[in-house]
Amino acid sequence: MRFSIYRYNPEKDTKPYMQDFDLDVVEHSCFMVLDALMAIKNNLDDTVTFRRSCREGVCGSDGMNINGKNRLACTTHLSTLSEPIVIRPLPAMPVVRDLVIDMTQFYQQYEKIKPYLQNSEPAPAKERLQSPEERAKLDGLYECILCACCSTACPSFWWNPDKYVGPAGLLQAYRFISDSRDTEQKDRLADLTDPFSVFRCRGIMNCIDVCPKGLNPLKAINHIKELMLDEGI
Amino acid sequence: MTVATHTFDAIIVGGGGAGLRASLELAQSGLRTAVISKVFPTRSHTVSAQGGVNAALGNMDGHDDWRWHMYDTVMGSDFLGDQDAIEYMCKQAPESIYELEHMGLPFSRTEAGKIYQRAFGGQTRHFGGELAHRTCCAEDRTGHAMLHTLYQKNIEAKTQFFNEWFAIDLVRANAGIAGVMAMCIETGEVVFLKSRATILATGGAGRIFQATTNAHINTGDGFGMALRAGLPLQDMEFWQFHPTGIYGAGVLITEGSRGEGGYLVNKSGERYMERYAPHLKDLACRDVVARSSIIEVREGRGVGPQGDHVLLKLDHLGEEVINKRLPGIRDLAITFAGVDPIKDPIPVIPTCHYLMGGIPTNIHGQALTMDENGQDKIVQGLYAAGECACVSVHGANRLGANSLLDLIVFGRAAGKHFQQSVREGLDFCEATRDDIDHALQRLRRWNENEKGESVDTIRSELQKVMQTDFGVFRTAEHMSEGFKKLSLLRDRLTHAAIKDKSNQFNTSRIEALELDNLMATALSTAYLANERTESRGAHARYDFPERDDQHWLKHSIYFENGRIAFRSINMKPSEVEPIKLQAREQ
């Protein structure tokens with residue numbers, strides 16, 4: 001199988017380039033893109049650089065652009081891809097080396113929405129009660145793995161990565177807004193009223209298309225906007 | 001090499017559950033603390049934990065008691081667990097869970113709005129009676145929910161993180177541990193992080209085996225660092241093989257799937273655990289279930305063209321239960337086994353999952369070594385918590401959902417004790433230039449070795465040896481064979497080389513440094529497994545099939561120079577009667 005991989009090592013390359021590798025994926029028992037990348041690193045070229053950890057789609061380390069779509073290397077079956085398999089870093093972020101991007105801005109947007117439960121009332125001796133229905137509102141939100149596939153697929157985030165929170169951050173904003181145990185819903189909404197944080201979303205829906213966990217950030221963003229109207233913010 | 005020094009009160013090595021729970025404890029203390037993590041914290045392996053976390057809340061069964069939880073944990077440990085530590089953990093469990101709930105962990109709920117609890121392996125009521133529902137969960141993504149919640153609370157607490165920094169070695173001074181040498185992965189910069197205490201929370205080392213549920217990053221970094229600093233490891237022969245790793249891929253399918261009513265079948269469709277463990281059946285302890293599955297395969301009742309695995313049947317639970325309680329494992333089964341558990345059983349096989357042993361500590365997380373007279377001695381400036389530590393609450397076999405509990409209880413305990421130690425005047429250990437230089441030796445070796453075998457060659461062979469000779473069932477013959485092969489590999493490792501010498505995000509160099517740690521871990525396992533001539537918990541031998549309390553009711557201790565020693569097991573809980581030695585359901 002032929003792989004065309006984005007290469008850039010700032011220590012020696014003046015500009016990035018694509019490099020082809022031919023790998024016998026049967027001989028190396030490769031089923032997923034990550035298996036192939038590891039086989040290339042172990043057998044053909046140990047300088048090929050990428051992040052990886054859990055290899056089962058829950059840690060979010062190996063988001064990359066594979067045949068033009070952002071996805072996780074570890075859960076993308078080679079059998080679903082056409083050759084040559086073109087692997088690039090997630091788009092629109094600074095490249096540290098090869099497939100490793102600098103995620104600083106992505107994390108800053110996440111931190112900006114105060115991604116932690118806030119509750120101004122004293123904690124009870126036991127758990128705070130939450131009905132199954134209230135808890136169900138967090139489904140489809142809390143499962144985010146911060147892989148950045150969505151935000152780096154979003155043209156609005158490409159233009160304003162410093163001001164637009166982006167789909168991943170907004171999904172988490174809505175996760176806390178929706179939590180019956182959080183008391184700061186109004187402040188959370190008020191924090192997002194500037195022209196950029198949430199309103200840069202243009203409903204392009206790339207985020208839904210690429211999310212490897214099947215989550216729907218756009219729906220969360222629309223709920224945030226609706227709540228702003230409801231609350232008169 | 002001259003290196004910069006950064007000074008902190010405490011350095012936490014590892015950004016998984018234990019590290020983040022410890023850092024949270026310290027963040028508001030006013031002490032200067034930092035977490036260094038070789039991956040961004042939410043990429044740590046805690047994220048992969050699925051089934052849940054145990055605490056005797058009694059939300060399902062009307063009433064539960066931490067003493068029953070303690071009994072189950074001691075029985076599960078096959079009496080190798082320290083009863084003072086198990087008592088502490090089980091008693092602290094409810095409060096620790098409520099804390100996490102208050103932090104925002106999205107637990108699943110009962111109709112009454114309480115934390116939902118499921119059945120799990122080895123959990124009973126009334127000291128060995130009917131099955132208990134004690135495992136608090138967030139669907140089947142409890143580790144993910146816990147790790148993200150802890151990271152989120154650390155953001156709120158403004159914890160200082162060195163993300164994608166790799167700990168090379170501890171700096172050992174005369175009096176104790178002076179800090180840690182660390183490398184920024186992105187730039188290759190090396191610094192000395194000097195601290196009053198280093199808290200190791202480096203997790204497990206499942207990557208010493210070919211087939212493992214563990215992430216690629218689980219390379220036993222804390223074990224390598226402790227051994228090279230002259231400190232011992234304890235009970236390293238006790239590796240847990242999880243009964244349900246996906247056949248071929250190794251990916252974990254939670255025990256919670258059996259807790260929700262799933263069961264294992266052989267090629268005739270027989271629910272064989274009824275035969276091996278009539279009382280707890282598929283929810284017997286993991287070591288028991290794993291051995292039963294291997295026996296089924298060995299006796300020709302395995303499934304598939306090679307007859308080399310078994311099946312986990314879930315379809316009878318119905319689509320609703322699977323989607324509501326086990327959505328994550330449904331995804332995993334579809335992705336990695338190509339089967340939808342709503343319709344078809346999942347092919348599974350016992351797979352390396354967890355190390356019960358580790359750096360010996362007391363219940364405050366303080367690392368222990370042994371003086372010349374074989375007495376415990378506290379190592380100044382060093383703590384350990386989580387899977388890299390051996391308190392020992394898991395003994396010879398860990399109960400499912402006790403590992404997440406271990407992380408939060410002892411991560412917190414280490415953080416609390418460290419603060420108290422500082423108040424009582426815990427000072428820095430001053431390192432000499434030589435001490436610092438010593439901790440850079442192996443980095444220098446990898447930087448300087450020009451030609452040699454590749455990291456992958458040696459790592460693959462190491463994993464093969466461990467898989468073949470130190471698996472679910474062990475014999476002296478296989479182990480001594482394996483031991484010889486490992487010794488040769490150790491020598492070859494000193495001449496291995498990496499081609500990539502660049503500084504910027506050099507993952508080849510990180511993998512090389514990790515390989516040193518895998519080797520150190522594998523050797524400690526080989527030494528101690530060979531030594532222990534009995535079967536206890538997860539250490540099962542064909543040549544010594546019985547538990548031998550007369551000779552082996554003791555912890556084993558290993559030093560890097562090959563010295564082996566023993567420590568007594570604590571049978572003195574502080575407020576309840578000790579649980580007396582007895583046989584387990586096998």
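A note on names: the letters A, B, ... follow the listed sequences, proteins ahead of strands, and every chain is numbered from 1.
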Using a cut-off of under 4.5 Å for heavy-atom pairs, which of A:V48, A:N9, A:T49 has the most such pairs with chain B?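 Option with the greatest count: A:T49.
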
Closest-packed option against chain B by number of heavy-atom pairs under 4.5 Å, given A:H77, A:K114, A:Q172: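 So the answer, after comparing A:H77, A:K114, A:Q172, is A:H77.
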
For A:D162, enumerate each residue passing the salt bridge (charged side-chain N to carboxylate O under 4.0 Å, His left out) test, keeping only those at least two apart in sequence or located in another chain. none

By salt bridge (charged side-chain N to carboxylate O under 4.0 Å, His left out), A:D139 pairs with (sequence neighbours left out) A:R135

Given heavy-atom pairs under 4.5 angstrom as the criterion, report whether the side chain, backbone, both or neither of [X] touches chain B.
{"X": "A:V58", "value": "both"}
{"X": "A:E11", "value": "side chain"}
{"X": "A:N119", "value": "neither"}
{"X": "A:R97", "value": "side chain"}
{"X": "A:F50", "value": "backbone"}
{"X": "A:P10", "value": "side chain"}
{"X": "A:E143", "value": "both"}
{"X": "A:L138", "value": "side chain"}
{"X": "A:A125", "value": "backbone"}
{"X": "A:S53", "value": "both"}
{"X": "A:R55", "value": "both"}

Let's test your reading of the structure: which of [options] forms the most heavy-atom pairs below 4.5 Å with chain A?
{"options": "B:P106, B:A215, B:S48", "value": "B:P106"}
{"options": "B:F107, B:Y151, B:F505", "value": "B:F505"}
{"options": "B:E186, B:E139, B:K153, B:E111", "value": "B:E139"}
{"options": "B:N154, B:N506, B:L332, B:L105", "value": "B:L105"}
{"options": "B:R459, B:E164, B:E95", "value": "B:E164"}
{"options": "B:H148, B:H45, B:K324", "value": "B:H148"}

Does a side chain donor of either [X] or [Y] reach within less than 3.5 Å of an acceptor in the other side chain?
{"X": "A:Q105", "Y": "A:Y110", "answer": "no"}
{"X": "A:E127", "Y": "B:N59", "answer": "yes"}
{"X": "A:T152", "Y": "A:N70", "answer": "yes"}
{"X": "A:R7", "Y": "A:T47", "answer": "yes"}
{"X": "B:K38", "Y": "B:S44", "answer": "no"}

Under 4.5 Å from any heavy atom of chain A, what part of [X] do you find: side chain, backbone, both or neither?
{"X": "B:T457", "answer": "neither"}
{"X": "B:N218", "answer": "neither"}
{"X": "B:T110", "answer": "backbone"}
{"X": "B:R207", "answer": "side chain"}

Check the surroundings of atom NZ in A:K112: do more than 12 heavy atoms from other residues, nucleotides or ligands lie under 6.0 Å from it?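 Result for NZ/A:K112: enclosed.
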
Do other residues, nucleotides or ligands put more than 12 heavy atoms under 6.0 Å from the NZ atom of B:K501? yes

Would you say the side chain of A:R128 lies within less than 4.5 Å of the side chain of B:E101, judging by non-hydrogen atoms? yes

Any B:C136 side-chain heavy atom under 4.5 Å of B:Y116 side chain: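 A side-chain contact under 4.5 Å is absent here.
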
Classify the ring geometry between [X] and [Y] as parallel (under 30°), tilted (30 to 60°) or perpendicular (over 60°).
{"X": "B:W165", "Y": "B:F162", "answer": "perpendicular"}
{"X": "B:F40", "Y": "A:Y107", "answer": "parallel"}
{"X": "A:Y142", "Y": "B:H144", "answer": "perpendicular"}

